[in-house]
Number of protein chains: 2
Amino acid sequence: MSPARSGTGAGTRPKRPTMVDVAREAGVALRTVSRVVNNDPTVGEKNLAKVQAAIAALNYRPDERARQLRLGVTGTIGAAVRRIAEVNPELAAIEHTARSSGLTLLAASTDFDEAREREILISMCRQRLDGIIVEPIGESHGYLQPELEAGMPVVSMDRPMSGISADCVMSDNASGIGMAFHHLHQHGHRRIAYIGDSERVFSGRERAGAFRASLRAYGEPLDGLVHTGEITAQRVAAALETALHAAQPATALVTGNMETTIAVLRQLGRDQASRIAIVGFDEVPLADLLQPALTVVAQDTARIGRTAVELLRARMAEPDRAVETVVVPLDLIVRGSGELRA
Amino acid sequence: MSPARSGTGAGTRPKRPTMVDVAREAGVALRTVSRVVNNDPTVGEKNLAKVQAAIAALNYRPDERARQLRLGVTGTIGAAVRRIAEVNPELAAIEHTARSSGLTLLAASTDFDEAREREILISMCRQRLDGIIVEPIGESHGYLQPELEAGMPVVSMDRPMSGISADCVMSDNASGIGMAFHHLHQHGHRRIAYIGDSERVFSGRERAGAFRASLRAYGEPLDGLVHTGEITAQRVAAALETALHAAQPATALVTGNMETTIAVLRQLGRDQASRIAIVGFDEVPLADLLQPALTVVAQDTARIGRTAVELLRARMAEPDRAVETVVVPLDLIVRGSGELRA
DNA sequence: GCATCCTAAGATAACGTTATCTCAAGGATA
DNA sequence: TATCCTTGAGATAACGTTATCTTAGGATGC
């Protein structure tokens with residue numbers, strides 16, 4: 001039986017037993033306890049039993065910090081994403097893949113804030129994580145250069161980092177926009193508008209650019225059809241006003257990301273939403289319950305997350321391998337909103 | 001200028017400089033570097049400059065693991081929730097509150113799996129986190145008793161843990177169900193059915209019990225109106241069949257959690273959903289865009305998350321304080337689906 | 001019967017920090 | 001001029017592990 005070890009004086013946290021305490025209790029050397037803890041087979045039956053008894057009696061738990069300090073590796077990778085605690089299938093895939101590789105995941109939210117992102121990344125480096133996956137927010141990541149040189153594996157997800165060269169996994173934005181455009185065009189639409197995120201953001205830039213290219217490829221004029229910028233109710237309202245009430249009004253919309261899609265749906269209201277064809281970029285929660293159900297171009301988020309971990313592990317195993325960028329294709333998911341005729 | 005320190009042989013991770021290296025580079029003692037790193041004011045200008053230069057030249061970053069080992073505290077708290085990477089406002093609040101308290105958050109998904117939960121919690125104990133918040137899944141948490149006795153602060157969220165006595169913050173489930181029932185009753189409904197999660201789960205038990213109590217309080221019979229169990233499409237379909245096609249069919253529904261609400265909406269389809277009054281327990285994403293918009297009893301998730309961190313910090317500061325359970329009230333959010341008349 | 005080899009287990013030195021002493025130099029005080 | 005603080009800075013011992021040696025003791029080989 002273990003001695004009662006609670007309440008070592010008010011307000012003070014009781015000390016936990018260490019390997020030394022276990023060794024003393026068991027009457028063996030420190031090294032022997034270490035062997036038992038690490039399942040080293042070269043321990044005799046007698047000592048094995050004594051040590052196990054002592055561990056149970058003292059409720060000993062090895063201190064992971066000391067272990068990691070000594071070992072050099074932490075068995076933990078970091079993920080700096082925009083928001084944990086929001087629907088984030090990439091992060092779910094990262095967590096799942098990491099776990100099945102025996103890696104612990106430390107996830108943190110950059111909250112769309114460049115300074116916060118930097119704090120988190122530096123902190124992860126100080127914690128000597130085995131590697132970092134980042135969904136980059138900031139425009140310049142040059143400050144990571146020393147870390148890369150010091151051998152910290154870093155993989156960027158969803159968009160590349162500027163100022164440094166690191167592995168990257170991202171969706172084929174241009175093809176995705178092309179698919180959305182083509183789908184609406186096939187359903188008879190000729191005036192198709194695009195509303196999307198700011199072009200200061202990499203993905204916003206890529207998608208708007210691809211949309212303009214689609215318009216040009218199909219020989220349509222660009223006038224008043226492409227609206228980009230911060231997503232706010234006012235901006236979306238203004239964009240819709242311009243697009244839908246022009247001399248030649250748009251009959252279909254492509255929305256550049258989930259946030260935009262939701263904002264547009266809110267703005268349109270129930271009546272209008274059933275008259276204008278919409279294809280959203282990115283999956284939207286409960287998209288199938290909306291009226292009409294929402295047609296989207298969906299990123300292969302599971303594959304993106306999985307690939308991010310795989311790229312990271314590859315670099316952890318082989319720090320000097322060539323930098324790689326993986327581009328993942330998207331899928332058109334047909335549900336109704338994109339099939340309304342012009 | 002720093003010497004090129006990349007590529008120390010293929011496949012091997014280059015060693016990072018340590019405090020000793022910085023001391024040598026700067027020509028001062030190890031202790032002086034430590035003072036500089038920790039902003040100790042008792043360092044002369046000359047040495048301060050030399051050390052700062054050396055730190056920059058070598059790209060030195062303190063090793064957090066060693067620091068924590070020496071200090072005894074990690075400045076990190078753990079959160080074992082059902083799913084990170086899903087909408088989880090409690091977790092968002094925890095992260096926010098932790099950050100503004102200067103604490104790092106380590107979040108992990110138990111994935112509704114008891115064994116996984118146990119793994120995570122034990123791992124967090126081994127990492128000697130400063131405290132743990134857990135949204136309990138398993139039925140017995142007795143294995144945490146030694147950890148509690150060893151001074152590990154643990155707070156449970158959303159439901160209590162059985163087998164041990166720990167601080168807890170949770171919603172006032174009974175009042176919430178009462179509010180939903182009362183609201184529907186006020187709108188003329190007399191046959192009100194409940195569909196909810198398994199009663200093996202604490203919250204499922206509490207909510208179903210409260211619903212039965214409401215029926216009794218209003219003098220209504222319970223026959224065929226209360227349906228609990230694992231949430232699957234078949235089960236929900238069967239429950240709806242029983243409730244809606246009885247001799248005295250239900251005209252209104254209370255759904256016991258978000259998952260159930262969504263399953264019920266999917267099952268009802270668009271036409272039926274606009275004829276049957278529904279009040280959901282828990283907020284649902286895009287609830288305002290549904291048709292009719294969804295009336296819900298919403299938990300004060302932000303307050304729950306914040307309170308969890310506060311309880312944890314209180315126990316970290318004062319390990320021997322009395323165990324506390326905080327019950328948080330809910331809010332009825334009226335949007336349409338709950339105001340359909342009988 | 002003695003050298004050799006294997007096995008179990010112990011001493012002890014890292015890992016990279018911070019904390020406790022100690023000490024030297026210099027200015028103030030009697 | 002001798003003594004006492006004050007201030008800056010260096011040795012060195014933790015923190016709790018794992019890894020490298022070393023050693024004692026019995027089994028094996030010739």
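Naming: A, B, ... by sequence-line order, numbering from 1 per chain.
Residue order along DNA chain D, read from the 5' end via each residue's closest nucleotide, puts B:Leu30 first among B:Leu71 and B:Leu30. Between B:Pro62 and B:Arg35, the residue anchored closer to the 5' end of DNA chain C is B:Pro62, taking for each the nucleotide with the nearest heavy atom.
A salt bridge does not link B:Lys15 with B:Asp21: every distance from a Lys NZ or Arg NE/NH1/NH2 to an Asp or Glu carboxylate oxygen is 4.0 Å or more. With salt bridges taken as basic N to acidic carboxylate O contacts below 4.0 Å, none links B:Glu324 and B:Arg315. Ionic pairing of B:Arg313 and B:Glu310 is not present here: no N-O contact between side-chain nitrogen and carboxylate oxygen is shorter than 4.0 angstrom.
Using a 4.0 Å cut-off, some side-chain N or O of B:Arg67 falls inside it from OP1 or OP2 of C:dT18. OP1 or OP2 of C:dA8 has not a single side-chain nitrogen or oxygen of A:Thr42 nearer than 4.0 Å. Regarding contacts with the backbone of C:dA8, every side-chain N or O of A:Asn47 stays at 4.0 angstrom or more from both OP1 and OP2. Between B:Ser34 and C:dT18, a side-chain N or O to OP1/OP2 separation shorter than 4.0 Å is present.
One interatomic measurement links the two molecules: CG of A:Leu69 to P of C:dT18, which rounds to 12 Å at whole-angstrom precision. For the pair B:Arg65 CZ and D:dT17 C1', the interatomic distance rounds to 12 Å; values are reported in whole Å.
Of all nucleotides listed (C:dG16, C:dG10, C:dT18), C:dG10 comes nearest to the side chain of A:Ala29.
The base of C:dA19 is not paired with the side chain of B:Arg70 by any donor and acceptor separated by under 3.5 Å. For B:Arg31 against C:dT20, a side-chain N or O and a base N or O form a donor-acceptor pair under 3.5 Å.
Across all non-hydrogen atoms, the minimal contact from A:Ala108 to A:Met124 is CB-CE, 4.4 Å.
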